[in-house]
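Quick notes on the structure that follows.
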Amino acid sequence: MPGKRLEGVVASEGVAVGPAFVHAHVELANDLELHSEVEERVRGLQSPEAAVLAVGEEFAALFAAMEDEYMAARSDDVRDVTGQIAAQLMGLQASGLAGLSVPSVVLARNLAPSETARMPRDMVLGLVTAEGSKTSHVSIMARSMGIPAVVGLGGAGLEEALGAGVVAVHGDQGYIVTDPDAGEVAFFEGEQDEAVARRTALAEYRHVEARTRGGRRIEVAANLGSPKEAADALSWGAEGVGLFRTEFLFMERDELPTEEEQYGVYREVTEAFGEKPVIIRTIDVGGDKDLPGVSGHEEENPFLGWRGIRMSLDVPDLFRPQLRAILRAAAHGNLKVMFPMVSDVEELVAARRLLAECHKELESEGARTGPVEAGVMVETPAAALCAEELAREADFFSIGTNDLTQYTLAVDRGNEKLEKLYRADHPAVLRLIEMTCRAGDKAGIQTGVCGEAAGDPALVPKLVALGVTEMSMSPPAIPRAKKVVSELP
Ligand code: PEP
Ligand code: MG
């Protein structure tokens, strides 16, 4: 019998078939009240699976009705937990992600970036979530890791998928098939072979220097979240790192990393790239990236809240060790620093002042440091509109189209319901990109793009035409971007 096809959103390319693994928040499963409610229903002769799901729904509704936003958001966690327990009762595998020991397709309502970062890469064949969109961080991370992913399946879609033993994921087309029959499995395997063949055909572009036919040189770099990804990125042909997301380093663990540990990480990544430029972005938590103990869930509008450079400037105890670690690691390679979420020249000036102070401090301590260029991520409309002023204080620009798109269009980048409205090629976004490139050009500084638009082959020609000279993307997207550039006039 054919399986059930469920539509979602294209998040990360590739095709996978494997046993389903239901991920949920295990801590909640120990709730005593939940236990006694389930027991009561089972005594009333309801099946344990149905009892767990029903009690989960009741509890979720209670949480959802709470005024406190944080508590209201727990309703999803409750559903996740009860979904997981029910899956286990049905004989399907389900436990914490870190303990995943059989290569599987992971099903989850949502995955926090911290959870995604902790996933055992080799055990995750594919990823399917109810929530999320192409530019939510779970999708970005799946792309970097080369894991086929479909997100935004919706709550009802996920509920249907939860009972499946096997799931086939079509990351190129954004759908899944639960419990595929033999014919469908054969189809997915064929698609897998074709995807591999397409990748192989692009292999010749991996190590070329991308140049348009007219001779314009475009640097094609990688977005990384960990030094572990450096070797892979180099093998895809990365000409540097256009965005090293440092926040994942903070999220992979329970305590904040010390200056020494950060120094080790930044040094490792810059040494891996030798002479090639490596741009370290200072910590950008907030928005959809929570950092327990530093940022919180309590904001009404986290994406418009205390995030990026705003938070760093307010918490020097967090910011200074990071800047010091970057300055020290710069002694070992071609390291640059970049500040996220800048919306005012004063923020850049303050960050640079702190960088200079840290540099002096290190010199007076006799520490080895290197010169560090300081750039700005242009990801708020304010930054693009003030690009001329910013260009006077910045050594380079890198446009973060993920946030720039959501802020320009007032469209939440993580909301699957708004997928059609979220367009990095909207004329308003393109105009802001053009303004930024012009301001960068006038000041003689480089303007790159490190948002997901850079790895989208349909957008690369537009970005190059607008004046972008560097593009940074998830490593597997590099050969195709180089091909597209080399075919431009
Ligand atoms: C962006 O906003 O485009 C970007 C690259 O940063 P992040 O996706 O980490 O917010
Ligand atoms: Mg951003």
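Model, not experiment: these values are computed from the prediction. Note that ligands are numbered from 1 as they come in the structure, with each ligand's atoms numbered from 1 the same way.
- Counting the atoms of ligand 1 from 1 in the order shown, those under 4.0 Å from a heavy atom of Cys450 are 5 (C).
- Atoms OG1 and CG, on Thr369 and Leu335 in that order, are 11.5 Å from each other to the nearest 0.5 Å.
- By the criterion of a heavy-atom distance under 4.0 Å, neither the backbone nor the side chain of Ile399 is placed next to ligand 1.
- Proximity of Glu452 to ligand 1, defined as any heavy-atom pair under 4.0 Å, is not found for any part of the residue.
- Note that CD of Glu268 and NE2 of His332 are 12.5 Å apart. Values are rounded to the nearest 0.5 Å.
- At a heavy-atom cutoff of 4.0 Å, ligand 1 is contacted by the side chain of Arg413 but not by its backbone.
- Residue-level proximity to ligand 1 for Met473 is absent, since no heavy atom of it falls below 4.0 angstrom.
- For ligand 1 and Met377, the ligand atoms under 4.0 Å from any heavy atom of the residue are 4 (C), 5 (C), 6 (O).
- Close approach of ligand 1 to Asp403 is summarised as follows: ligand atoms under 4.0 Å from at least one heavy atom of the residue are 1 (C), 2 (O), 3 (O), 10 (O).
- Between the CG atom in Leu323 and the CZ atom in Arg328 there is a gap of 13.0 Å [rounded to 0.5 Å].
- The residue from Asp395, Asn334, Leu327, Ile280 that alone fulfils the side chain to side chain contact (heavy atoms under 4.5 Å, CB included) condition with Val372 is Leu327.
- Closest of all the heavy-atom pairs between Gln406 and Val411 is CB-O, 2.8 Å.
- Distances under 2.8 Å from the Mg ion (ligand 2) pick out the protein N/O/S atoms Glu379 OE1, Asp403 OD2.
- Scanning the protein heavy atoms around atom 6 (O) of ligand 1, the nearest turns out to be Arg281 NH1, 2.9 Å.
- Note: Leu234 CG to Ile478 CD1 = 8.5 Å, rounded to the nearest 0.5 Å.
- Annotation for Ala383 and Leu390: closest pair O-CD1, 3.5 Å, computed over non-hydrogen atoms.
- One distance of note links OG of Ser144 with CG of Asp232; it measures 9.5 Å at 0.5 Å rounding.
- Between Arg245 and Asp284 there is no salt bridge, since no side-chain N of the basic residue sits under 4.0 Å from a carboxylate O of the acidic one.
- When the options Thr135, Ile140, Asn402, Thr405 are ranked by their closest heavy atom to atom 1 (C) of ligand 1, first place goes to Asn402.
- Side-chain contact of Glu259 with Tyr263: a donor-acceptor pair under 3.5 Å is absent, judged by distance alone.
- Judged by distance alone, the side chain of Glu373 and the main-chain N or O of Lys336 form no donor-acceptor pair under 3.5 Å.
- At least one N or O atom of Thr401, backbone or side chain, sits closer than 3.5 Å to an N or O atom of ligand 1.
- Interface atoms of ligand 1 facing Leu243, defined by a heavy-atom separation under 4.0 Å, are 5 (C).
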